[in-house]
Amino acid sequence: MNYVFQFGPIFRHSDELIYGAVRTMELTAASSAIGFVIGLAGALARSFGPIWLKRIVAVYVEIIRNTPLLVQLYFVFFSLPLMGVKLSSDQAAILALSIHLGAYAVEILRAGIQSIPGGQIEAAKSLGLSRRQIIRHVIVVPAARAVYPALTSQFILQLLGTSIVSAIAAEELTAVANNLAMQTFRNFEIYIVIAIIYFILVRACSLLFRLVSLVLFRWKA
Amino acid sequence: MRQSHRRTVLHGAAALVLGLLVTSAMPRAADATTVDDIVSAGKVTIAIDTTTPPYGMIDNDMQPSGFDIELAQLIGKAMGVPVEFVTVTSPGRIPALLTGRADMVVSIFSITAERALQIAFSIPYASQSSVVLAPKSVNIKSAKDLAGLKVGVTRGTGEDGLLTAAAKDIPGIEILRFDDYASISQAMLSGQIDAMGGGDYGDIYLKKSAKGDDFELKYILKTFYFGIGVRKDSPELLQWLNTFIFTLRQDGTLDRLSMKYRKVPLPPLPTF
Amino acid sequence: MSLREFGPNELFFLLMATRWTILLAVVTVVGGGCLGLFLAGLRVSPSALLRHAASAYIGFFQSTPILIQLFMVYYGTAFIGLRPDPWPAAAIAFCLNAGAFFGEIFRGSIEAVAKGQWEASKALGLRYVATLRLVIIPQASRLSLPPTVGFMVQIVKTTSVASLIGLVELSRAATMINTVTFQPVIVFGTVAVIYFALCWPLSLLGQHLERRLNGGREREVVL
């Protein structure tokens, strides 16, 4: 086949590509932040909560982790309105992505909590620390250090995972790329360009996380 | 997955360059397709999409069916070879041709000048109006009335282009782009959008649901003409397809297909 | 043509399409697993060049969306004169992608085996490949089993991306049904149940293996 690569038509749309990349990062950051809070609450509930709460969290984690994100997006956007909860595309995307990440975060954080040797908790008890102090100083902070690598990896997976939210009309990098593909019909060139953009985003985030871990934990994560 | 923390940015960059080199290696020699090529190959490969009813869909026996599918089968019959279907998605149509995966594309392929820069179109075999649909209670007569409303379209369709252009001139129109017609229809039924741009087959679809009776055609955006797509370097095949479509127009086959699948007759089809 | 309700025919169609989801996942696990083993071997090899080459490969596949990788294999290979069908294209793309992730899982497990074992093998006169095969892999495989099974769940769910190059697996079948029934809640609800039925047993197995690996170490934290 004779195919002549023409990147010109794509670079004329660089504004849109930048917009898409920014939207991707916004969706990733917002949903990761909310998902982390969900994960933290869930992990605490699952480790220290009453049995019924543990069960509920376990069911949530299993359902979300064993079904595709796409199906979850459809549910939030198309089915919740039938129950009277109407969210915009962006809100629905962020909610679904948050719930998705939350389930993984519960498991990661729970593993972190369990990585604390029981002896330390007993030691803290014998020092007379309150329940709240123990949770904070003996469990949460050391566990954070232990789970940091897994959480940041999950953030990267979330970044790549946002590429499917265009199914409910939310705009991000892949959606912009698909729009441009339909306008310019330069599919090959566009996919090469957005592969590079995703690559740069992921690399930049990895680098940032490594720097943050050096500052936070003074420890090579 | 645990990230490797030793990996440097440099490694990654090298990998990226490697990957791109592989994908952007020099193109191969041309593979023009002639009618004789198809006949001697003993089959014709035709790209279709089974998620675009009533043109391409699956029937009760879960087999491909629809206006485009039947037309594709007629092409195989006229050439005297069996048809091999290649299913593609809407954005995959041009790549399917360019990479030689299909000899031709028969899948609601609207004839546009931009697309014709990359592939060649036959004369039209069908036409379809793009229209704006909305609930009866919403008063819409033209694009101006869409201000302040959420309008759903299928990404990259003619409606998308026209309504996006309208949204640039008229502030307040919010365009939501979905991947397929079923998603917009569902968004309408869920109340996620106030109006939708789509093909003029709202009757077949939305009326089916309980709430669907409430929707009506507001105004026509534009009429599109569907052609069969082939590679630019296959003028002989293109000429045969034009001749074949001409004969189908003359003997009433296209009108019969239109009544069978679209429930309305075809308007006059121009020739270019 | 009739636009219709979601019925037994449609359910059957979804179940038949599930075969392809399962087959694609199996091929990916086997192919990706072999590739991952190879990559992990390179990642811990004594040669710096091989280590860097393997980590570059893994870097590329872990840093771009699988959708883009799939497009590159399916459409991009035309530029080197290949024209894979959707099936082999999807299988190759998923194997290449899974290989990168498996490679990291296996490398982590190999590195978790105590360094002394390498030294002991060396002292016994075992060469690099023999050390890997006879000493390291038997121990590392025990460690890598739980994350491997966990990643298989991910693979099953990821196969849905193949629908975007026209492969009629579960997700694409669902879209086809949805465009004629217009009942996305039922259609995608059914699909969710099918995916769950495929993934949950794997998840349970992964958790079971993890518990067994941790032996008595996993315990409830008591306050």
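Lettering of chains follows the sequences in order, A, B, ..., and the numbering in each one begins at 1.
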Using modelled atom types only, decide if a donor and an acceptor are shared between the side chain of B/R101 and the backbone of C/P86 within a distance under 3.5 Å.
no

Scanning both residues in full, the closest heavy-atom pair of C/Y75 with B/A96 reads CE2-N, 4.2 Å

Search all heavy atoms of B/N60 against all heavy atoms of C/N9 and return the closest pair with its distance.
O-ND2, 3.2 Å

Neighbour count above 12 (heavy atom, 6.0 Å) for C/F13 CZ
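Yes - once you tally the heavy atoms of other residues, nucleotides and ligands closer than 6.0 Å, there are more than 12.
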
C/W118, CH2 atom: more than 12 neighbouring heavy atoms under 6.0 Å
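Count over threshold, so yes.
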
Heavy-atom distance under 4.5 Å to chain B: side chain of C/F12, backbone, both or neither?
neither

Full working for side chain to side chain contact (heavy atoms under 4.5 Å, CB included) between C/E10 and B/M62
CA-CA 8 Å; C/E10 282 68 26; B/M62 302 297 150; 3.5 Å; yes

Got a second to check how far C/N178's CG is from B/T51's OG1, nearest 0.5 Å?
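Those atoms lie 10.0 Å apart.
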
Salt bridge flag under 4.0 Å for residues B/D179 and C/R172
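Not counted as a salt bridge, because no side-chain N and carboxylate O are separated by less than 4.0 Å.
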
